[in-house]
Amino acid sequence: MTRHFLDLSDCGPEGIALIVRSATKGPGAILHGQSVAMVFEKPSVRTRNSTEMAVVHLGGYPVMITDAEVGIDTRESSEDIARTLACFHQTIAARVRDHTSFHRMVTALEGQGSATNVINLLSDYSHPCQAIADMLTLADEFGGIEGLQGKHMVYVGDANNVARSLAQASLALGCSITICSPVGFQFDDPAVDAIGSFARFGAKIYRSDDPVASAQDADALYTDVWTSMGQEQEARIRREALANYSITEELIAVASDGVIVLHCLPAHRGEEITDAALEGPHSRVWQQAKHRETAMYGIFAWLKEAI
Ligand code: CP
Ligand code: NVA
(Lines give C-alpha, C1' and ligand atoms only; values in the text may rest on other atoms or scores of the structure.)
(Ligands and ions follow the chains in the order given, each with its own letter.)
Protein backbone atom coordinates (compact mmCIF):
# COMPACT_ATOMS: atom_id res chain seq x y z
CA MET A 1 0.00 0.00 0.00
CA THR A 2 1.32 3.42 -0.96
CA ARG A 3 1.76 5.58 2.13
CA HIS A 4 0.26 9.04 2.50
CA PHE A 5 0.80 11.62 5.26
CA LEU A 6 -2.50 13.50 5.35
CA ASP A 7 -2.87 13.43 9.10
CA LEU A 8 -0.93 11.94 12.03
CA SER A 9 -3.50 9.13 12.09
CA ASP A 10 -1.78 7.86 8.91
CA CYS A 11 1.32 6.93 10.89
CA GLY A 12 -0.31 6.56 14.34
CA PRO A 13 1.35 7.16 17.73
CA GLU A 14 4.16 4.66 17.15
CA GLY A 15 4.81 6.14 13.70
CA ILE A 16 5.13 9.61 15.23
CA ALA A 17 7.91 8.35 17.50
CA LEU A 18 9.62 6.61 14.57
CA ILE A 19 9.48 9.78 12.44
CA VAL A 20 10.87 11.99 15.21
CA ARG A 21 13.73 9.56 15.87
CA SER A 22 14.48 9.17 12.17
CA ALA A 23 14.43 12.94 11.57
CA THR A 24 17.28 13.52 14.01
CA LYS A 25 19.54 11.20 11.98
CA GLY A 26 19.66 13.82 9.20
CA PRO A 27 19.10 13.42 5.46
CA GLY A 28 19.98 10.34 3.43
CA ALA A 29 19.60 10.18 -0.36
CA ILE A 30 16.12 8.65 -0.14
CA LEU A 31 14.65 10.91 -2.85
CA HIS A 32 17.46 10.30 -5.33
CA GLY A 33 15.99 10.35 -8.83
CA GLN A 34 12.57 11.49 -7.57
CA SER A 35 10.65 14.74 -7.83
CA VAL A 36 8.12 16.36 -5.53
CA ALA A 37 5.24 18.55 -6.72
CA MET A 38 4.66 21.23 -4.07
CA VAL A 39 1.20 22.74 -4.50
CA PHE A 40 0.23 25.77 -2.39
CA GLU A 41 -3.36 26.99 -2.34
CA LYS A 42 -2.45 29.32 0.55
CA PRO A 43 0.65 31.41 1.34
CA SER A 44 3.66 29.99 3.18
CA VAL A 45 7.14 30.96 4.31
CA ARG A 46 8.29 28.13 6.57
CA THR A 47 6.55 25.18 4.96
CA ARG A 48 7.52 26.06 1.42
CA ASN A 49 11.17 26.74 2.23
CA SER A 50 11.69 23.86 4.65
CA THR A 51 10.04 21.32 2.36
CA GLU A 52 11.84 22.54 -0.74
CA MET A 53 15.24 22.47 0.96
CA ALA A 54 14.55 19.08 2.57
CA VAL A 55 13.76 17.61 -0.86
CA VAL A 56 17.04 19.00 -2.22
CA HIS A 57 19.02 17.68 0.76
CA LEU A 58 17.35 14.26 0.36
CA GLY A 59 18.56 14.11 -3.24
CA GLY A 60 15.23 14.94 -4.91
CA TYR A 61 13.92 17.71 -7.17
CA PRO A 62 11.13 20.02 -5.92
CA VAL A 63 8.72 21.78 -8.29
CA MET A 64 6.82 24.69 -6.74
CA ILE A 65 3.27 25.19 -8.05
CA THR A 66 1.07 28.09 -6.92
CA ASP A 67 -2.70 28.20 -6.62
CA ALA A 68 -2.87 30.52 -9.61
CA GLU A 69 -1.25 27.83 -11.77
CA VAL A 70 -3.46 24.88 -10.81
CA GLY A 71 -6.70 26.34 -9.43
CA ILE A 72 -7.85 23.38 -7.33
CA ASP A 73 -11.53 22.76 -8.11
CA THR A 74 -11.79 26.02 -10.06
CA ARG A 75 -9.56 25.49 -13.08
CA GLU A 76 -9.47 21.70 -12.67
CA SER A 77 -10.71 19.11 -10.17
CA SER A 78 -8.59 17.82 -7.27
CA GLU A 79 -8.76 14.38 -8.88
CA ASP A 80 -7.51 15.51 -12.29
CA ILE A 81 -4.73 17.63 -10.79
CA ALA A 82 -3.49 14.67 -8.71
CA ARG A 83 -3.58 12.26 -11.64
CA THR A 84 -1.75 14.73 -13.86
CA LEU A 85 0.96 15.53 -11.28
CA ALA A 86 1.45 11.78 -10.70
CA CYS A 87 2.53 11.47 -14.35
CA PHE A 88 5.68 13.41 -13.44
CA HIS A 89 6.21 13.26 -9.68
CA GLN A 90 6.65 10.52 -7.07
CA THR A 91 5.26 12.75 -4.30
CA ILE A 92 2.57 15.44 -4.20
CA ALA A 93 2.98 17.74 -1.20
CA ALA A 94 0.11 20.21 -0.92
CA ARG A 95 -1.30 22.99 1.23
CA VAL A 96 -5.06 23.04 0.63
CA ARG A 97 -8.06 25.02 1.78
CA ASP A 98 -10.31 22.00 2.18
CA HIS A 99 -8.91 18.81 3.73
CA THR A 100 -11.32 16.67 1.69
CA SER A 101 -9.28 17.59 -1.41
CA PHE A 102 -6.64 15.20 -0.07
CA HIS A 103 -9.06 12.29 0.18
CA ARG A 104 -10.26 12.96 -3.34
CA MET A 105 -6.67 13.09 -4.63
CA VAL A 106 -5.74 9.84 -2.91
CA THR A 107 -8.88 8.07 -4.15
CA ALA A 108 -8.11 9.19 -7.70
CA LEU A 109 -4.49 8.06 -7.43
CA GLU A 110 -5.47 4.69 -5.98
CA GLY A 111 -8.04 4.30 -8.76
CA GLN A 112 -5.30 4.31 -11.35
CA GLY A 113 -2.84 2.24 -9.30
CA SER A 114 -0.43 5.14 -8.81
CA ALA A 115 2.43 4.82 -6.32
CA THR A 116 2.68 8.61 -5.86
CA ASN A 117 2.58 9.61 -2.19
CA VAL A 118 0.63 12.61 -0.88
CA ILE A 119 1.73 14.87 2.01
CA ASN A 120 -0.43 17.42 3.84
CA LEU A 121 1.49 20.70 4.14
CA LEU A 122 -1.47 22.21 6.10
CA SER A 123 -5.19 22.01 5.60
CA ASP A 124 -8.12 23.47 7.47
CA TYR A 125 -8.13 20.22 9.53
CA SER A 126 -4.51 19.56 10.51
CA HIS A 127 -0.84 20.50 10.18
CA PRO A 128 1.04 17.25 10.79
CA CYS A 129 4.46 18.41 9.47
CA GLN A 130 4.41 21.29 11.97
CA ALA A 131 3.70 18.90 14.84
CA ILE A 132 6.76 16.77 14.04
CA ALA A 133 8.91 19.93 14.15
CA ASP A 134 7.28 20.84 17.47
CA MET A 135 8.19 17.42 18.93
CA LEU A 136 11.78 17.81 17.75
CA THR A 137 11.93 21.17 19.53
CA LEU A 138 10.57 19.61 22.74
CA ALA A 139 13.01 16.70 22.47
CA ASP A 140 15.93 19.17 22.24
CA GLU A 141 14.67 20.89 25.35
CA PHE A 142 13.77 17.92 27.53
CA GLY A 143 16.72 15.61 26.86
CA GLY A 144 15.44 13.53 23.96
CA ILE A 145 12.13 12.01 22.93
CA GLU A 146 11.76 10.06 26.22
CA GLY A 147 12.07 13.36 28.08
CA LEU A 148 8.58 14.33 26.88
CA GLN A 149 6.97 11.65 29.06
CA GLY A 150 5.27 13.23 32.06
CA LYS A 151 5.56 16.77 30.70
CA HIS A 152 2.58 19.13 30.30
CA MET A 153 1.91 21.25 27.20
CA VAL A 154 -0.66 24.05 27.43
CA TYR A 155 -2.08 25.35 24.17
CA VAL A 156 -3.82 28.72 24.54
CA GLY A 157 -6.05 29.95 21.73
CA ASP A 158 -8.22 28.68 18.92
CA ALA A 159 -8.63 24.88 18.82
CA ASN A 160 -7.54 24.71 15.20
CA ASN A 161 -5.57 22.66 12.68
CA VAL A 162 -2.25 23.28 14.45
CA ALA A 163 -3.72 22.47 17.87
CA ARG A 164 -5.14 19.15 16.61
CA SER A 165 -1.81 17.90 15.25
CA LEU A 166 0.12 19.26 18.23
CA ALA A 167 -2.18 17.43 20.64
CA GLN A 168 -1.98 14.15 18.72
CA ALA A 169 1.83 14.24 18.60
CA SER A 170 2.31 15.39 22.21
CA LEU A 171 0.06 12.67 23.58
CA ALA A 172 1.75 10.00 21.46
CA LEU A 173 5.10 10.84 23.05
CA GLY A 174 3.70 10.89 26.59
CA CYS A 175 3.28 14.66 27.01
CA SER A 176 -0.12 15.63 28.44
CA ILE A 177 -1.87 18.59 26.86
CA THR A 178 -4.45 21.14 27.91
CA ILE A 179 -6.28 22.87 25.08
CA CYS A 180 -7.39 26.18 26.58
CA SER A 181 -9.93 28.01 24.40
CA PRO A 182 -13.10 30.03 24.90
CA VAL A 183 -16.43 28.26 24.56
CA GLY A 184 -17.30 28.09 20.87
CA PHE A 185 -13.64 27.75 19.85
CA GLN A 186 -12.91 24.43 21.60
CA PHE A 187 -12.67 20.89 20.21
CA ASP A 188 -15.96 19.03 20.59
CA ASP A 189 -16.27 15.74 22.50
CA PRO A 190 -15.74 13.43 19.48
CA ALA A 191 -12.63 15.39 18.51
CA VAL A 192 -11.24 15.17 22.05
CA ASP A 193 -11.91 11.41 22.08
CA ALA A 194 -10.23 10.94 18.70
CA ILE A 195 -7.20 13.02 19.70
CA GLY A 196 -7.09 11.26 23.09
CA SER A 197 -6.74 7.89 21.35
CA PHE A 198 -3.14 8.92 20.50
CA ALA A 199 -2.17 9.00 24.19
CA ARG A 200 0.69 6.76 25.32
CA PHE A 201 2.77 6.52 28.52
CA GLY A 202 -0.13 7.77 30.68
CA ALA A 203 -0.53 11.12 28.94
CA LYS A 204 -3.90 12.86 29.13
CA ILE A 205 -5.80 15.53 27.21
CA TYR A 206 -7.69 18.25 29.07
CA ARG A 207 -9.97 21.04 27.89
CA SER A 208 -10.23 24.36 29.69
CA ASP A 209 -11.39 27.93 29.19
CA ASP A 210 -9.15 29.38 31.93
CA PRO A 211 -5.64 30.31 30.69
CA VAL A 212 -4.19 31.18 34.12
CA ALA A 213 -5.43 28.00 35.80
CA SER A 214 -4.25 25.92 32.81
CA ALA A 215 -0.77 27.42 32.74
CA GLN A 216 0.08 26.40 36.34
CA ASP A 217 3.08 24.03 36.12
CA ALA A 218 3.10 24.07 32.30
CA ASP A 219 6.38 22.90 30.79
CA ALA A 220 5.51 24.40 27.41
CA LEU A 221 3.09 27.13 26.37
CA TYR A 222 1.94 27.13 22.74
CA THR A 223 -0.27 29.41 20.73
CA ASP A 224 -1.29 30.08 17.12
CA VAL A 225 -3.18 32.82 15.30
CA TRP A 226 -6.77 33.49 16.33
CA THR A 227 -7.84 33.72 12.68
CA SER A 228 -6.46 31.03 10.39
CA MET A 229 -6.10 31.37 6.64
CA GLY A 230 -9.56 31.05 5.13
CA GLN A 231 -11.34 32.44 8.22
CA GLU A 232 -10.68 36.12 7.46
CA GLN A 233 -14.39 36.97 7.40
CA GLU A 234 -14.57 35.92 11.10
CA ALA A 235 -11.57 38.04 12.17
CA ARG A 236 -13.52 40.62 14.19
CA ILE A 237 -15.60 38.12 16.14
CA ARG A 238 -12.52 36.00 16.78
CA ARG A 239 -10.51 38.98 18.06
CA GLU A 240 -13.25 39.65 20.60
CA ALA A 241 -13.81 36.04 21.67
CA LEU A 242 -10.12 35.16 21.97
CA ALA A 243 -8.90 38.46 23.46
CA ASN A 244 -7.83 36.87 26.76
CA TYR A 245 -6.26 33.78 25.18
CA SER A 246 -2.73 35.03 24.65
CA ILE A 247 0.75 34.14 25.80
CA THR A 248 1.94 37.11 27.83
CA GLU A 249 4.75 37.60 30.34
CA GLU A 250 2.11 37.33 33.09
CA LEU A 251 1.04 33.90 31.83
CA ILE A 252 4.66 32.76 31.55
CA ALA A 253 5.16 33.79 35.19
CA VAL A 254 2.53 31.31 36.43
CA ALA A 255 4.04 28.36 34.51
CA SER A 256 7.03 26.20 35.51
CA ASP A 257 10.33 28.07 35.90
CA GLY A 258 11.83 26.47 32.82
CA VAL A 259 8.71 26.78 30.65
CA ILE A 260 9.32 27.17 26.94
CA VAL A 261 7.16 29.24 24.61
CA LEU A 262 6.25 27.89 21.19
CA HIS A 263 4.40 29.32 18.19
CA CYS A 264 4.19 27.76 14.73
CA LEU A 265 4.40 31.27 13.18
CA PRO A 266 3.45 33.56 11.53
CA ALA A 267 2.74 35.47 14.76
CA HIS A 268 0.40 38.39 15.24
CA ARG A 269 2.25 40.23 17.99
CA GLY A 270 -0.17 41.90 20.38
CA GLU A 271 -2.90 39.37 19.63
CA GLU A 272 -2.21 35.71 20.50
CA ILE A 273 1.29 36.49 21.80
CA THR A 274 3.05 39.60 23.06
CA ASP A 275 6.25 40.84 21.54
CA ALA A 276 8.00 40.32 24.90
CA ALA A 277 6.88 36.68 25.11
CA LEU A 278 7.93 35.94 21.55
CA GLU A 279 11.34 37.59 21.92
CA GLY A 280 11.97 36.68 25.58
CA PRO A 281 14.26 34.03 27.12
CA HIS A 282 11.54 31.35 27.21
CA SER A 283 10.86 31.52 23.47
CA ARG A 284 12.04 28.68 21.25
CA VAL A 285 10.19 29.77 18.11
CA TRP A 286 13.26 30.03 15.88
CA GLN A 287 14.52 26.57 16.81
CA GLN A 288 10.98 25.39 16.09
CA ALA A 289 11.03 27.04 12.64
CA LYS A 290 14.43 25.49 11.88
CA HIS A 291 13.11 22.05 12.80
CA ARG A 292 10.53 22.30 10.01
CA GLU A 293 13.26 21.02 7.68
CA THR A 294 14.52 18.36 10.12
CA ALA A 295 10.94 17.14 10.42
CA MET A 296 10.68 16.62 6.67
CA TYR A 297 13.66 14.20 6.74
CA GLY A 298 11.70 11.92 9.06
CA ILE A 299 8.41 12.37 7.22
CA PHE A 300 9.93 11.47 3.85
CA ALA A 301 11.75 8.51 5.41
CA TRP A 302 8.45 7.17 6.77
CA LEU A 303 6.58 7.94 3.54
CA LYS A 304 9.15 6.14 1.38
CA GLU A 305 9.33 3.25 3.88
CA ALA A 306 12.99 3.98 4.55
CA ILE A 307 12.55 3.54 8.34
N1 CP B 1 4.14 27.38 10.43
C2 CP B 1 3.89 27.43 9.12
O3 CP B 1 3.31 26.50 8.52
O4 CP B 1 4.30 28.56 8.49
P5 CP B 1 4.01 28.97 6.98
O6 CP B 1 2.54 29.22 6.87
O7 CP B 1 4.83 30.19 6.72
O8 CP B 1 4.41 27.82 6.11
N1 NVA C 1 -3.68 27.99 11.94
C2 NVA C 1 -2.88 28.72 10.98
C3 NVA C 1 -1.53 28.12 10.87
C4 NVA C 1 -0.59 28.80 9.93
C5 NVA C 1 0.75 28.10 9.85
C6 NVA C 1 -3.60 28.73 9.64
O7 NVA C 1 -4.15 27.69 9.25
O8 NVA C 1 -3.60 29.76 8.97
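Note that ligands are numbered from 1 as they come in the structure, with each ligand's atoms numbered from 1 the same way. For reference, positions follow the sequence shown, starting with 1.
- Residue Leu122 does not touch ligand 1, judged by heavy-atom distances below 4.0 Å.
- Within ligand 1, the atoms closer than 4.0 Å to a non-hydrogen atom of His127 are 2 (C), 3 (O), numbered from 1 in the order shown.
- Put simply, part of Leu265 is less than 4.0 Å from ligand 2, judged by heavy atoms.
- Checking His263, Gln130, Arg95, Arg46 against atom 6 (O) of ligand 1, the nearest heavy atom belongs to Arg95.
- The pair Glu146-Arg21 meets the salt-bridge criterion, with a side-chain N (NZ, NE, NH1 or NH2) lying under 4.0 Å from an Asp/Glu carboxylate O.
- Considering backbone and side-chain atoms together, Leu265 places an N or O closer than 3.5 Å to an N or O of ligand 1.
- Residue contacts with ligand 1: Pro266 is placed with no nitrogen or oxygen under 3.5 Å of a nitrogen or oxygen of the ligand (distance criterion only).
- The residues Arg284 and Asp140 are annotated as not salt-bridged, no charged nitrogen and carboxylate oxygen being separated by less than 4.0 angstrom.
- With respect to Arg104 and Asp98, no salt bridge is recorded, no charged nitrogen being found less than 4.0 Å from a carboxylate O.
- Of the possible polar contacts, none joining the Gln90 side chain to the Val36 backbone as a donor-acceptor pair under 3.5 Å is found.
- Enclosure of atom CZ in Arg269 by more than 12 non-hydrogen atoms of other residues, nucleotides or ligands within 6.0 angstrom is indicated.
- Ligand 2 has an N or O atom lying under 3.5 Å from an N or O atom of Ser228, backbone or side chain.
- Without hydrogens or angle criteria, Glu240 side chain to Ile237 main chain gives no donor-acceptor distance under 3.5 Å.
- What sits closest to atom 7 (O) of ligand 1 on the protein, heavy atoms only, is Val45 N, 2.6 Å.
- Heavy-atom proximity to Cys264, at under 4.0 Å, picks out these atoms of ligand 1: 1 (N).
- Using a 4.0 Å cut-off between a side-chain N of Lys or Arg and a carboxylate O of Asp or Glu, Glu52 and Arg48 qualify as a salt bridge.
- Heavy atoms of Lys42 found under 4.0 angstrom from ligand 1: none, in either backbone or side chain.
- Of all non-hydrogen atoms in Asp158 and Arg238, the two that sit nearest each other are OD2-NH1, 3.0 Å.
- Taking the charged nitrogens against the carboxylate oxygens, Glu41 and Arg95 have no contact shorter than 4.0 Å, which rules out a salt bridge.
- Of the heavy atoms in Leu122, only side-chain atoms (C-beta onward) come closer than 4.0 Å to ligand 2.
- Atom numbering of ligand 1 starts at 1 in the shown order; those under 4.0 Å from a heavy atom of Ser44 are 5 (P), 6 (O), 7 (O), 8 (O).
- For atom 8 (O) of ligand 2, the closest heavy atom belonging to the protein is Met229 N, 2.8 Å.
- Backbone and side-chain nitrogen or oxygen atoms of Cys264 are examined, and none is located within less than 3.5 angstrom of a nitrogen or oxygen of ligand 2.
- Among protein heavy atoms, the minimum distance from atom 3 (C) of ligand 2 is reached at Asp224 OD2, 3.6 Å.
- Close contacts of ligand 1 with Arg292, meaning ligand atoms under 4.0 Å from a residue heavy atom, involve 1 (N), 2 (C), 3 (O).
- Inclusion of Asn161 in the set of residues having an N or O under 3.5 Å from an N or O of ligand 2 is warranted.
- Proximity to Asn160 (heavy-atom distance under 4.0 Å) selects the following atoms of ligand 2: 1 (N).
- The main-chain N or O of Leu109 is never found under 3.5 Å from a side-chain atom of Ser114 such that the two would form a donor-acceptor pair.
- Classification of Asp67 and Lys42 as a salt-bridged pair fails, no side-chain N sitting under 4.0 Å from a carboxylate O.
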